[in-house]
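Note sheet for the following structure.
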Amino acid sequence: MPRGRSGPDARCPSLPPMRVRFAPSPTGLLHVGGARAALYNWLLARGSGGEFLLRIEDTDRERSTPENIEQILDALRWLGLDWDGEPILQTTHEERHRAVVQQLLAEDRAYRSTATADDVRAYKAEHGADKGFRGGDHPTRSHDPEVGAVRLRVPEGQTVVRDLIRGDTTFQNVHQDDPVVARADGSPLYNLAVAIDDLDAGITHVIRGEDHLSNTPKQLLVLQAMGAESPVYAHLPLLHGPDGKKLSKRHGAASVQELRDAGYLPDAVVNYLALLGWGDADDETVISREELVRRFDIARVSKNPARFDEQKLKWLNGKYLRGQGVDGLTATIRGHLDATGHGEAIAGRDELLRTAVEISQEKISTVDDFWALAGFLFTGPVDDEKARAKWLDEGHREHLAAVRGTLAGLDPFTTESVDAALRALVGERGVKAKDVFQPLRVALAGTAVSPGVFESAAALGRDETLARVDAALAA
RNA sequence: GCCCCCAUGGUGUAGCGGUUAGCACGCCAGCCUUUCACGCUGGUAGCGAGGGUUCGAUUCCCUCUGGGGGUACCA
């Protein structure tokens, strides 16, 4: 069956079902690069009516704690990337891996060797730096079945990685060392385990980060030694930080968990990640999950590494925030406030919260922005020295006193009525609008940046508004 | 050192031999306006360099330069 780079119309009208997998090693946080790999796999599975499997590469027992595994699952759930079946733990396949090692040994496709890193270096010093280590008839070759690591015999020739994103990459086998596929104690190593697991799971497409590109020929060699078919590959370019260096914690949010805590919405993160390294002829930027599933094409993924730049994600997040509608956004924000220790401040104030969200939504781009902007409605004015100095000086206090007089007898006390009354006051006094509005804003919020003043006053109600004005006047 | 990948504005991308090089974020300006935003309008800015191939290269080939990945009895 011919495969390889799919042509421009290869995915029309519909793809054959793809069975794909995401195989993270459970280090705790789900790195955004990993999240993107998971997303692309998920999009392909859902778009082709196939399956998305989750396999935990837990052979490193140190890091593979139940807590770490749970964290990864949690992050995937939050993103809405549901997997098919139960998560598979790689360690549960160890028996099969060992059996394959024994078979390779029995067929002389692998051998035992006690060669150390120094032995390999010495070999290269003698044969050339670009010559892979061959231990088959090297002094370190071990004939005792209990002694030495297991190395795979790399045959002559070349190994071609067929990649949906970058076409064929040819690796000359001479450059490859005979890879160690199992430790001296017989325990399987990564490249062996992965190849076997993907084979056994019937994975049709392996989509993973480019950091695995040079592992792929080794895995292909294992499959070849087993006489098995190989899957199709796609290696995604890596994600870099704004400075072009590998993305890490010091660049700010580098994991899904951090993005969640920073107040981003899963849909926005998914949309952003999908567009980071992929784009099609359509110029749309805000693309729904369903649309993404329909349109995503692995062959159109970019070959160059992309920088993770939070600015666009912020913008996109604002779009999704406002797209939720006031009730949806209120629920989202309530959840975030509960999780960040502000649950008490909003308890029992549902009406005010909804109003606060309504008048704040166009001014925030993350869920986390809400409290900084509108928290004053619940907890009283914040303390911004500069704002007070500028807007509550002698001259402005006089205007504020007039404002108090106007608002004191206002009924009803609504955004509209406050608006009309204050504008009338501005007209009477013959001053600039902001000289009247800003002092009130600072009296209510304690700072010069807030939702609209009329809206804020109405949200607080007349009594609270007057109390805050009095406090400002008295200070 | 050795093996491998990549290269369109500051960022993410469209382009698949002939385009005024398109879109989005950012940035700047204007409008709106009670601050900040949202929204709208306009603007700034790009094919890494050098060789080829071709009537014609951002597009194809080579070299260089610059990024990146790998190089474990880790995953």
Side-chain angles (χ1 to χ4, degrees), chain A residues 8 23-27 57-60 62-64 90 113-117 120 124-125 128-132 148-151 161 163 165-166 169-172 174-177 179-187 189-191 193-194 209-217 235 237-238 240 242 244-246 272 275-286 300 302-316 318-319 322 360-365 369 373 387 391 419 422-423 426 432-442 445 447-454:
Chain A
S25 52
T27 51
E57 314 260 294
D58 60 342
T59 50
D60 182 344
E62 292 286 304
R63 295 184 287 183
S64 306
Q90 185 160 61
S113 164
T114 61
T116 61
V120 173
K124 292 188 188 212
D130 62 340
K131 297 292 184 294
V150 179
R151 283 184 185 269
V161 176
D163 188 301
I165 295 172
R166 52 197 82 225
T169 300
T170 302
F171 292 84
Q172 297 302 326
V174 264
H175 295 148
Q176 210 84 236
D177 290 333
V180 176
V181 292
R183 298 185 182 86
D185 65 5
S187 61
L189 250 24
Y190 178 73
N191 285 125
V194 168
E210 196 196 323
D211 49 340
H212 285 288
L213 182 55
S214 45
N215 280 330
T216 303
H235 292 92
L238 265 18
H240 292 172
K245 300 294 181 194
K246 197 173 172 154
Y272 176 70
L275 252 24
L276 195 57
W278 169 79
D280 65 11
D282 195 314
D283 282 331
E284 293 301 315
T285 302
V286 182
R300 288 189 61 100
S302 161
K303 289 195 272 279
N304 34 337
R307 297 184 190 213
F308 182 80
D309 183 0
E310 238 177 291
Q311 282 181 137
K312 193 163 187 173
L313 172 57
K314 255 198 156 81
W315 170 82
L316 208 43
K319 289 274 187 194
R322 275 163 237 122
S360 301
Q361 57 174 338
E362 66 180 28
K363 299 167 194 295
I364 61 178
S365 58
D369 287 341
L373 182 77
W391 297 108
D419 184 331
L422 292 184
R423 283 188 197 285
V426 167
K432 280 195 255 181
K434 66 178 174 185
D435 284 323
V436 171
F437 300 152
Q438 285 299 82
L440 176 58
R441 180 192 308 281
V442 175
T447 182
V449 177
S450 78
V453 245
F454 313 138

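Labels below follow one simple rule: chain letters A, B, ... track the order of the sequence lines, proteins then strands, and each chain is numbered from 1.
When both pairing distances are held under 3.5 Å, B:U53 makes no Watson-Crick or G-U pair with any nucleotide shown. Look at B:C64: its Watson-Crick or wobble partner, with both distances under 3.5 angstrom, is B:G48. Of all nucleotides present, only B:G70 satisfies the Watson-Crick or G-U wobble test against B:C2, with each distance under 3.5 Å. Base-pair partner of B:U11: B:A24 (Watson-Crick or G-U wobble, both distances under 3.5 Å). Across every strand in view, B:C31 sits in a pair with B:G39 that passes the Watson-Crick or G-U test at under 3.5 angstrom.
If you measure from atom CG of A:Leu316 to atom P of B:C23, you get 19 Å, rounded to the nearest angstrom. Atom CG in A:Asp309 sits roughly 11 Å away from atom P in B:C27 (whole-Å rounding). Look at CG on A:Asp163: it is 13 Å from C1' on B:C6, rounded to the nearest Å. Distance CG (A:Asp282) to C1' (B:G22): 12 Å, rounded to an integer number of Å. Rounded to whole Å, atom P of B:C5 lies 12 Å from atom NE2 of A:His175. Summarising the geometry, the separation between CD on A:Glu210 and P on B:C6 is reported as 8 Å, rounded to the nearest angstrom. Here B:U35 presents its P atom at 7 Å from CD of A:Gln438, a figure rounded to the nearest Å. The CG-P distance, from A:Leu276 to B:G12, rounds to 8 Å in whole Å.
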Check: protein-nucleotides 71-75 of chain B nitrogen or oxygen pairs below 3.5 Å:
unit_1 : atom_1 : unit_2   : atom_2 : d
B:C73  : O2     : A:Ala184 : N      : 3.0
B:C74  : OP2    : A:Arg183 : NE     : 2.6
B:C74  : OP2    : A:Arg183 : NH2    : 2.8
B:A75  : OP1    : A:Thr59  : OG1    : 3.3
B:A75  : OP1    : A:Arg183 : NH2    : 3.4
B:A75  : OP2    : A:Tyr190 : N      : 3.0
B:A75  : O3'    : A:Glu57  : O      : 3.4
B:A75  : O2'    : A:Ser25  : OG     : 3.2
B:A75  : N6     : A:Asn215 : OD1    : 3.0
B:A75  : N6     : A:Asn215 : ND2    : 3.1
B:A75  : N1     : A:Asn215 : ND2    : 3.2

Quick one: which protein N/O atoms are closer than 3.5 Å to N/O atoms of nucleotides 38-40 of chain B? Pair and distance per line, please.
unit_1 : atom_1 : unit_2   : atom_2 : d
B:C38  : O4'    : A:Glu362 : O      : 3.3
B:G39  : OP1    : A:Lys319 : NZ     : 3.1

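With contacts defined as side-chain heavy-atom distances shorter than 4.5 Å, the pair A:Phe437/A:Lys432 does not qualify. A 4.5 Å side-chain heavy-atom check between A:Phe171 and A:Thr216 finds every atom pair outside the cut-off. At least one side-chain heavy atom of A:Asp309 sits less than 4.5 Å from a side-chain heavy atom of A:Tyr272.
The side chain of A:Asp283 approaches B:C23 more closely than any other nucleotide in the set B:C23, B:C36, B:C5. Considering only the side chain of A:Phe437, B:U34 comes nearest among B:U34, B:A24, B:G68. Of the candidates B:C36, B:G1, B:G12, B:G1 carries the atom nearest the A:Ala129 side chain, counting heavy atoms from C-beta on. Side-chain proximity of A:Asn304 to B:C6, B:G22, B:C25: nearest is B:C6.
The same atom, C1', is picked in B:U8 and in B:A24; the two are 15 Å apart, to the nearest Å. A gap of 46 Å separates the C1' atoms of B:A72 and B:U53, to the nearest Å.
Minimum interatomic distance between A:Thr447 and A:Ala387 (heavy atoms only, all atoms of both residues): CA-CB, 3.9 Å.
Look at A:Lys124 and A:Asp177 and you find a salt bridge, because one of the NZ, NE, NH1 or NH2 atoms lies within 4.0 Å of a carboxylate O, short of that distance.
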For A:Leu238 and A:Asp211, what are the C-alpha separation, side-chain angles and deciding distance, and is it a side chain to side chain contact (heavy atoms under 4.5 Å, CB included)? CA-CA 7 Å; A:Leu238 265 18; A:Asp211 49 340; 3.9 Å; yes
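Comparing A:His240 and A:Phe454, the nucleotide of RNA chain B nearest to each residue sits closer to the 5' end for A:Phe454. Ranked by how close their nearest RNA chain B nucleotide is to the 5' end, A:Leu373 and A:Phe308 are led by A:Phe308.
At least one donor-acceptor pair under 3.5 Å links the side chain of A:Asp163 to the backbone N or O of A:His235. Between the side chain of A:Asp130 and the backbone N or O of A:His175 there is no donor-acceptor pair closer than 3.5 Å. One N or O on the side chain of A:Arg322 and one on the backbone of A:Ile364 form a donor-acceptor pair closer than 3.5 Å. Under a 3.5 Å cut-off, the side chain of A:Arg300 and the backbone N or O of A:Gly279 do form a donor-acceptor pair. Judged purely by atom type and a 3.5 angstrom limit, A:Arg307 has no side-chain atom pairing as donor or acceptor with the backbone of A:His240.
In this structure, A:Ser302 reaches the sugar-phosphate backbone alone: every heavy-atom distance under 4.0 Å involves primed, P, OP1 or OP2 atoms, never a base. Using a 4.0 Å heavy-atom cutoff across all strands shown, A:Gly128 reaches no nucleic acid atom at all. Contacts of A:Phe171 with the nucleic acid, taken as non-hydrogen atoms under 4.0 Å apart, involve only primed sugar atoms and P, OP1 or OP2.
The side chain of A:Arg307 contributes no N or O atom lying less than 4.0 Å from OP1 or OP2 of B:A7.
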